[in-house]
Amino acid sequence: MAEAVAVQEELRSRVDLVGPGPSAPATVAGLDVAYAESGDLLAAAVTVLDTRTLEVVDRAVSVGRPAFAYVPGLFAFRELPALLAALDRLATRPELLVCDGHGLAHPRRFGLACHLGVVTDLPSIGVGKTPLVGVWTPPQAERGAWSPLRDGDEVVGRVLRTRSGVKPVFVSVGHRVSLDNAVAQVLALTPRHRLPETTRTADRLCRDALATATRR
DNA sequence: GCGACAG
DNA sequence: ATCTTGTCGC
């Protein structure tokens with residue numbers, strides 16, 4: 001487990017925090033993982049959406065075993081293998097990865113989104129539903145409002161309101177994307193729901209894959 | 001020492 | 001993450 005931390009400290013030097021990343025990507029990928037109640041089986045899914053129509057144009061899944069125990073801060077080691085396997089099965093090359101979890105908003109500034117970005121060398125961002133690190137003040141109630149997510153004296157992300165009057169999401173940079181662009185991409189992916197269409201479609205796909213794998 | 005703690 | 005019912009609102 002100490003080795004995992006060492007790996008993060010080593011790889012974090014490869015993170016590109018400047019970006020700014022694609023301003024108008026043609027395709028964006030969503031990644032998510034579902035677990036069986038038994039906890040010994042999981043399904044990872046990647047869906048690639050056409051950013052203009054938000055329709056799924058490519059998809060891939062990977063069923064396997066959790067590669068690591070769930071430890072906050074080392075979360076990537078648990079899902080990364082399966083997610084990479086799913087990414088390898090994609091027929092297309094997405095221009096941006098939208099991860100279900102954090103990027104820089106991590107105790108060592110190397111969350112899942114950073115890890116996935118560095119390993120694939122693809123632009124990536126993290127969109128978390130709940131915080132891992134940082135303090136913030138609630139953003140205004142209107143969609144698009146945000147407030148900085150601060151950890152110590154660093155701004156590690158933004159608390160973004162994707163739907164008026166609904167609980168905000170936590171956006172942070174993963175790799176090769178600027179924070180401004182990360183927020184712009186998330187808003188483009190949330191025309192009607194709190195979570196990006198990318199994570200919603202990936203979530204449905206991995207749940208279906210898990211159900212299929214379980215009943216066999 | 002006692003909590004908090006992505007999914 | 002997963003286990004869970006009804007309910008309020010667009």
Side-chain heavy-atom pair A:Val71, A:Met1 within 4.5 angstrom cut-off: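 Heavy-atom side-chain distance check passes, below 4.5 Å.
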
5' to 3' contact window, DNA chain B with chain A (heavy-atom distance under 4.0 Å):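 Range of nucleotides within reach of chain A: B:dC5 to B:dG7.
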
Identify whether the distance between the nearest side-chain nitrogen and carboxylate oxygen of [X] and [Y] falls below 4.0 Å.
| X | Y | result |
| --- | --- | --- |
| A:Asp180 | A:Arg158 | yes |
| A:Asp151 | A:Arg109 | yes |
| A:Asp208 | A:Arg204 | no |

Would you indicate what [X] reaches in the nucleic acid, counting non-hydrogen atoms under 4.0 angstrom: base, sugar-phosphate, or nothing?
| X | value |
| --- | --- |
| A:Pro107 | nothing |
| A:Gly126 | nothing |
| A:Phe75 | base |
| A:Leu210 | nothing |
| A:Arg192 | nothing |
| A:Leu112 | base |

Can you check the [X] [atom1] to [N] [atom2] distance for me, whole Å?
| X | N | atom1 | atom2 | answer |
| --- | --- | --- | --- | --- |
| A:Arg163 | C:dG9 | CZ | P | 16 Å |
| A:His193 | C:dG9 | NE2 | C1' | 14 Å |
| A:Leu83 | C:dA1 | CG | C1' | 13 Å |
| A:Phe77 | C:dA1 | CZ | C1' | 19 Å |

Shortest non-hydrogen contact between A:Ser172 and A:Leu104, atoms and distance: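 For A:Ser172 and A:Leu104, the tightest heavy-atom pair comes out as OG-N, 3.6 Å.
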
From A:Arg176, A:Arg14, A:Arg93, residue fulfilling salt bridge (Lys or Arg N to Asp or Glu O under 4.0 Å) relative to A:Asp121: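 The passing option is A:Arg176.
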
